[in-house]
Visitor: 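Okay, handing you the structure first.
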Number of protein chains: 2
Amino acid sequence: MNVQLLNKKEAIFESTLTLINENGFHGTPMSQIASHANVATGTIYHYFSSKDELITELFAHCRVKTNEHIFNVEASLSYKEKFFYIWNRLVDYYLANKKVFWFIEQFYSSPYYELIQQTKNPSYYGADRMRMFFEEGIQAGIIRDVSFPTLISLYIGAATSHVKMVTYGFCKAQKQGREDLIEIIWNGVKNQ
Amino acid sequence: MNVQLLNKKEAIFESTLTLINENGFHGTPMSQIASHANVATGTIYHYFSSKDELITELFAHCRVKTNEHIFNVEASLSYKEKFFYIWNRLVDYYLANKKVFWFIEQFYSSPYYELIQQTKNPSYYGADRMRMFFEEGIQAGIIRDVSFPTLISLYIGAATSHVKMVTYGFCKAQKQGREDLIEIIWNGVKNQ
DNA sequence: GTTTAGCAATTGAACGTTCATTCGGTTGCA
DNA sequence: TGCAACCGAATGAACGTTCAATTGCTAAAC
């Protein structure tokens with residue numbers, strides 16, 4: 001697969017992301033994706049066997065990209081620093097890539113997600129590194145032994161809620177709110 | 001509008017909720033909603049002018065029902081007790097009405113939400129009572145003076161994330177996790 | 001160095017289906 | 001008598017997908 005082909009697939013991904021953000025899964029015909037990406041309708045079916053596969057693969061693609069970005073962290077940092085750093089990287093990434101954020105949100109809360117949960121494709125699971133990171137902190141006695149879903153609910157839940165607030169325009173003093181949030185979570189989960 | 005009519009409208013709402021949960025906004029034809037609700041297709045158009053209006057009104061309906069439920073709280077409780085009580089009511093309500101929860105989630109992350117944000121219909125705003133409740137705590141000096149979006153991100157964000165975890169089947173020890181969550185949030189926002 | 005075969009990439013019109021919406025007619029209540 | 005509620009077949013537009021035809025590239029054959 002040469003560069004040109006990669007570009008076409010990327011263009012299809014990018015157009016799908018943009019149009020689904022504007023019009024939703026329905027309301028985004030393949031023909032529209034095609035013309036937005038400057039390819040013919042049939043070309044999409046050269047890369048993806050169906051609209052469902054296109055959307056499902058785009059989801060996996062977004063997850064991989066997001067994970068690559070947020071876990072790109074200096075090993076020399078202290079655990080606490082990493083705890084803050086990764087969270088801020090996540091919020092930054094979503095704010096800078098709102099289309100990715102909303103596509104993932106839309107996908108999670110749609111029946112699509114149940115479909116891919118049944119498959120075993122590891123690309124769909126993004127939580128492994130997060131789990132490892134939390135376990136590292138628990139085993140070192142730095143954070144409390146709280147269950148993984150609880151930690152995720154706090155850490156990821158607060159990050160996504162914050163991004164939603166900013167996107168909806170409910171959040172004026174963004175910087176202060178962000179710092180408060182992650183500090184409250186840290187204080188809640190750290191030992192002592 | 002007599003009782004029979006209310007029942008029909010309720011039946012249409014209920015069927016829409018069920019089918020959209022299973023198949024999404026797309027994948028749920030009006031004809032299917034009609035037969036599931038035991039009415040003719042045309043009847044839906046007697047109550048709603050379009051599919052979009054049906055979905056938008058269903059959203060407002062769900063929000064009102066949810067708010068009615070969670071803010072039904074004993075005035076005699078202390079602020080801290082109310083803080084815990086309302087949060088648990090919210091989680092309970094969503095867990096007992098998963099279809100409502102997922103419909104709201106799907107709606108929020110879809111382009112529908114942007115549409116209704118432009119309207120001035122107060123039914124669509126569910127945050128007012130939550131804001132009042134937080135302001136009450138801040139003014140009484142019981143909770144820290146943290147911005148409203150920050151409080152919402154923690155309080156609602158953690159609740160919805162928890163419900164998602166349970167629904168996805170990631171959350172085994174549900175009871176402990178719930179208690180940990182709201183306690184961590186309380187400790188993070190209370191004064192002293 | 002040119003030819004040629006073959007396959008991947010690409011096209012967009014055409015197909016068949018599905019779906020939101022309409023509408024002319026019926027029922028039932030006031 | 002009139003009007004609201006209700007019906008469901010009919011309509012027409014939109015959409016996912018297919019496919020026969022074309023282009024462009026690569027590499028083997030000469």
Side-chain angles (χ1 to χ4, degrees), chain A residues 1-61 103 106-107 110-112 114-116, chain B residues 1-61 103 106-107 110-113 115-116:
Chain A
M1 201 179 262
N2 60 35
V3 174
Q4 168 65 9
L5 300 188
L6 272 176
N7 284 346
K8 283 248 153 104
K9 203 171 174 181
E10 277 295 327
I12 293 168
F13 272 158
E14 181 58 34
S15 296
T16 307
L17 207 52
T18 300
L19 293 169
I20 283 183
N21 257 272
E22 285 167 14
N23 310 311
F25 293 136
H26 62 314
T28 305
M30 294 296 262
S31 55
Q32 205 185 340
I33 295 172
S35 65
H36 190 277
N38 284 316
V39 299
T41 315
T43 306
I44 302 181
Y45 288 86
H46 182 72
Y47 295 100
F48 309 96
S49 71
S50 68
K51 191 179 181 180
D52 276 9
E53 190 184 294
L54 163 59
I55 289 171
T56 303
E57 279 200 25
L58 176 54
F59 174 72
H61 183 252
F103 175 76
Q106 213 172 322
F107 191 93
S110 78
Y112 279 113
E114 269 187 64
L115 278 183
I116 64 155
Chain B
M1 204 179 263
N2 60 35
V3 174
Q4 167 65 6
L5 299 187
L6 272 174
N7 284 346
K8 285 246 154 105
K9 202 170 174 181
E10 277 295 327
I12 293 167
F13 271 158
E14 181 58 34
S15 297
T16 308
L17 206 52
T18 301
L19 293 169
I20 283 184
N21 257 272
E22 286 166 13
N23 311 311
F25 293 135
H26 63 314
T28 305
M30 294 295 261
S31 55
Q32 204 184 340
I33 295 172
S35 65
H36 189 276
N38 284 315
V39 299
T41 315
T43 305
I44 301 181
Y45 287 86
H46 182 71
Y47 295 101
F48 308 97
S49 71
S50 68
K51 192 181 182 180
D52 276 9
E53 190 184 294
L54 163 59
I55 289 171
T56 303
E57 278 200 26
L58 176 54
F59 174 72
H61 183 252
F103 175 76
Q106 212 172 321
F107 191 93
S110 78
Y112 278 112
Y113 187 63
L115 278 184
I116 63 155

Visitor: Round to a whole Å and report the spacing from CG of A:Asn7 to C1' of C:dT10.
Guide: 15 Å
Visitor: Can you check the A:Ile44 CD1 to D:dC15 C1' distance for me, whole Å?
Guide: 12 Å
Visitor: With a 4.0 Å cut-off on heavy atoms, is A:Thr28 in touch with a base, just the backbone sugar-phosphate, or nothing at all?
Guide: sugar-phosphate
Visitor: Within residues 34-41 of chain B, which residues have any heavy atom lying less than 4.0 Å from an atom of DNA chain D?
Guide: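 Result for residues 34-41 of chain B: B:Val39, B:Ala40, B:Thr41, sorted by number.
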Visitor: I need the CD1-C1' distance between B:Ile20 and C:dA20, as an integer number of Å.
Guide: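 Whole-Å distance recorded here is 14 Å.
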Visitor: Closest to the B:Thr43 side chain: D:dC6, D:dT17, C:dA20?
Guide: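 Nearest to the side-chain atoms of B:Thr43, counting from C-beta on, is D:dC6.
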Visitor: So, using side chain to side chain donor-acceptor pair (under 3.5 Å) as the criterion, who are the partners of B:Thr18 when residues are at least two apart?
Guide: B:Lys99
Visitor: Applying salt bridge (charged side-chain N to carboxylate O under 4.0 Å, His left out), can you list everything that pairs with A:Glu53, at least two apart in sequence or on another chain?
Guide: none
Visitor: Taking atom C1' of D:dT17 as reference, at what distance in whole Å does atom CD1 of A:Ile33 sit?
Guide: 13 Å
Visitor: Take the protein atom CD of B:Gln32 and the nucleotide atom P of C:dC19, then report the distance between them rounded to whole Å.
Guide: 8 Å
Visitor: Sequence neighbours left out, what passes side-chain contact (heavy atoms from CB on, under 4.5 Å) with A:Ala34? Give chain and number order.
Guide: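 Here the qualifying residues are A:Val39, A:Thr41, A:Ile44.
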Visitor: Report the residue from A:Phe25, A:Phe13, A:Phe107 that forms a ring-ring contact (aromatic ring centres under 6.0 Å, His included) with A:Phe59.
Guide: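 Among A:Phe25, A:Phe13, A:Phe107, the one that satisfies the ring-ring contact (aromatic ring centres under 6.0 Å, His included) with A:Phe59 is A:Phe107.
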Visitor: OP1 or OP2 of C:dT10 versus the side-chain N and O atoms of A:Tyr47: is any pair under 4.0 Å?
Guide: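 Indeed, a polar side-chain atom of A:Tyr47 lies that close.
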Visitor: Once side chain to side chain donor-acceptor pair (under 3.5 Å) is applied, do any residues pair with B:Asp52, and if so which ones, sequence neighbours excluded?
Guide: B:Tyr112
Visitor: Can you tell me the distance, in whole Å, between the CZ atom of B:Phe25 and the C1' atom of C:dC19?
Guide: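 Nearest whole value for this atom pair: 17 Å.
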Visitor: Taking side chain as C-beta onward, heavy atoms only, is B:Leu115 less than 4.5 Å from B:Thr56?
Guide: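 Result no, sub-4.5 Å side-chain heavy-atom pair not found.
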Visitor: Using the test side chain to side chain donor-acceptor pair (under 3.5 Å), find all partners of B:Ser15 that sit at least two apart in sequence or belong to another chain.
Guide: B:His36
Visitor: Between B:Met30 (CE) and C:dT21 (C1'), how many Å, whole number?
Guide: 8 Å
Visitor: For D:dC6 and B:Lys8 - does any side-chain N or O of the residue sit under 4.0 Å from the phosphate oxygens OP1/OP2?
Guide: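 Yes, B:Lys8 has a side-chain N/O under 4.0 Å of OP1/OP2 on D:dC6.
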Visitor: In whole angstrom, what separates B:Asp52's CG from C:dA20's P?
Guide: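 Between P of C:dA20 and CG of B:Asp52: 10 Å.
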Visitor: Kindly say if B:His46 contacts the phosphate of D:dC6, meaning a side-chain N or O under 4.0 Å from OP1 or OP2.
Guide: no
